[in-house]
Amino acid sequence: MSTVTCEVAVIGAGIIGTATAHYLSARGVDVVVIDRSYMGSGSTGRCIGGLRHQFSTPPSIRLMKESIRLFSEMEEEFGHSVEFSQGGYLLLAHSDEMAATFRANIRVQRAEGINVSLLDPKEAHDLVPQLNTEGLVAGAWCPDDGQAFPFAVLKGYRKRTENAGGRFILHNPVVNFRRNANFELFLGDGSIVEAPRVLLAAGPWTRELAKPLGIDLPLAPERHEAMITERMPRFLKPMLVDYRPDGCYFQQMLTGQVIGCYTPVPAVPGIREDVSFEFLPQVAWRMSRLVPALRNAAILRHWAGCYTMTPDGNPVLDRTPLDGLFVASGMCGHGFMFGPAMGHHMADFILDGEWGMDFSEFALDRDFSPGAETLK
Amino acid sequence: MNERVVICRCEDITEEEVLDAIRDGAISMEELKRVLRVGMGPCQGRTCGSLIRALLARELGVPVHSIKEWSRRPPLKPVPAGAFFQGEES
Ligand SMILES: Cc1cc2nc3c(=O)[nH]c(=O)nc-3n(C[C@H](O)[C@H](O)[C@H](O)COP(=O)(O)OP(=O)(O)OC[C@H]3O[C@@H](n4cnc5c(N)ncnc54)[C@H](O)[C@@H]3O)c2cc1C
Ligand code: FES
């Protein structure tokens, strides 16, 4: 039975685990990333790749500013394209309440230096001529928001981590772990990884993983479905987010496919990757209501993945009560876009023991009462 | 001289790109599809599926039948969005 030792073991090769590993290895740390399947096989490879600055609190907005800058530098850093582009996000309010929320958020975002503005229905229509503005009250528009391709990002982080001496153990689950002098992670093939510090970045599986250690994390995975159409000539630049209860969100990829989802009401709890019968008719109707030209778009595929939710809609990044054990999960549907900046700060926190910026809204011992993030 | 051999026409992915992904550790058709988008075109992998499966089997040194084919996800053929809700508009 073989034993691998390292300074930091990262469980989970999604965006959070690989980004953190990259920043750890860049500081000369010997890091091992473990995944039970291939990189991106969890939530990251199932997401639709949207990136936005438009959040409602300064810490999230600052993190996203940093993340989007990091996404913009990846092609040069990795030596391959991550299909990053900035087509903007147009958020749509069909009620006065939602429009008021947009207005309040825009004040906060502008104070953080984000280029965002409130559009009336005519301005929204000028921006996206295909948009059906019936019932529309206002739009929130940030041209600097955008998209990237998850697998290309993961590949880049892996390459950079390996170049710096880090290692990836894939297709091999952590089946058990124990704390002696160091942490001992027992893998599916019988081998052991030993490390003084461990980061739990296992997305929706993080709660289950921490339970045997007596740590109960406030993480609740939910199923989210998505679909993709055939390639079409580019006609839609921004991501559209329809905040009605029966709304949806979608964008056209650089390669021409429209990719989109909606948030089911009520939520569908659990770690589930099966798909429902109602999703395709619903998403087709919701998207075509907003952009009638999409009626003719041929839907190619449909899949499901998880949002890992927390009670207040903010992620959990912190140390745990167990010395040397860290957690980064509960991304609430925004982990891909937060990933680069969170990976950077998480790596520094693991090594330095303190955050480089205000991370109190992601602390494990915070008050989890709902309501902090209004732009779900 | 390296000729550019396209293995998935719909998505314009070359044999070399598939080989690269296998060298990076890919061991399943599912993984190749997700990472490279092979088999994700309008033909839904009908054209490239068996070629890629054979390539993967050869590289891993295992019999072709031991490699699981792509799962067929609904819809099986591309369907216009409008066809899902015809006559049901509210
Ligand atoms: C349909 C959909 C659309 C989305 N759209 C967006 C979007 O537009 N923008 C955005 O920012 N976010 C989006 N998200 C959310 C985003 O995908 C997640 O927040 C993000 O991918 C979480 O990354 P992660 O690294 O925390 O977890 P994951 O990507 O889930 O990674 C966890 C990894 O841990 C591994 N693992 C689990 N258990 C073990 C074990 N015991 N041993 C070893 N490895 C293990 C898993 O195999 C997995 O690879 C979307 C999600 C879905 C489902
Ligand atoms: S040739 Fe590969 S999907 Fe059509």
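As the structure is a prediction and not an experimental result, all values here were calculated from the model. Just so it is clear: chains get the letters A, B, ... in the order the sequence lines come, proteins before strands, and each one is counted from 1.
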Quick one: what part of A/Arg289 sits under 4.5 Å from any heavy atom of chain B, side chain, backbone, both or neither? neither

For the ring pair A/Phe279 and A/His302, is the centre-to-centre distance below 6.0 Å? yes

Short N-O contact, A/Arg160 and A/Glu77, less than 4.0 angstrom: yes

Under 4.0 Å between a side-chain nitrogen and a carboxylate oxygen: does that hold for A/Glu83 and B/Arg37? yes

Counting only non-hydrogen atoms closer than 4.5 Å, does A/Gln282 touch chain B with its backbone (N, CA, C, O), its side chain (CB onward), both, or neither? neither

So which part of A/Phe149 gets closer than 4.5 Å to some heavy atom of chain B, the side chain, the backbone, both or neither? side chain

Are A/Tyr262 and A/Phe250 close enough that their ring centres sit under 6.0 Å apart? no

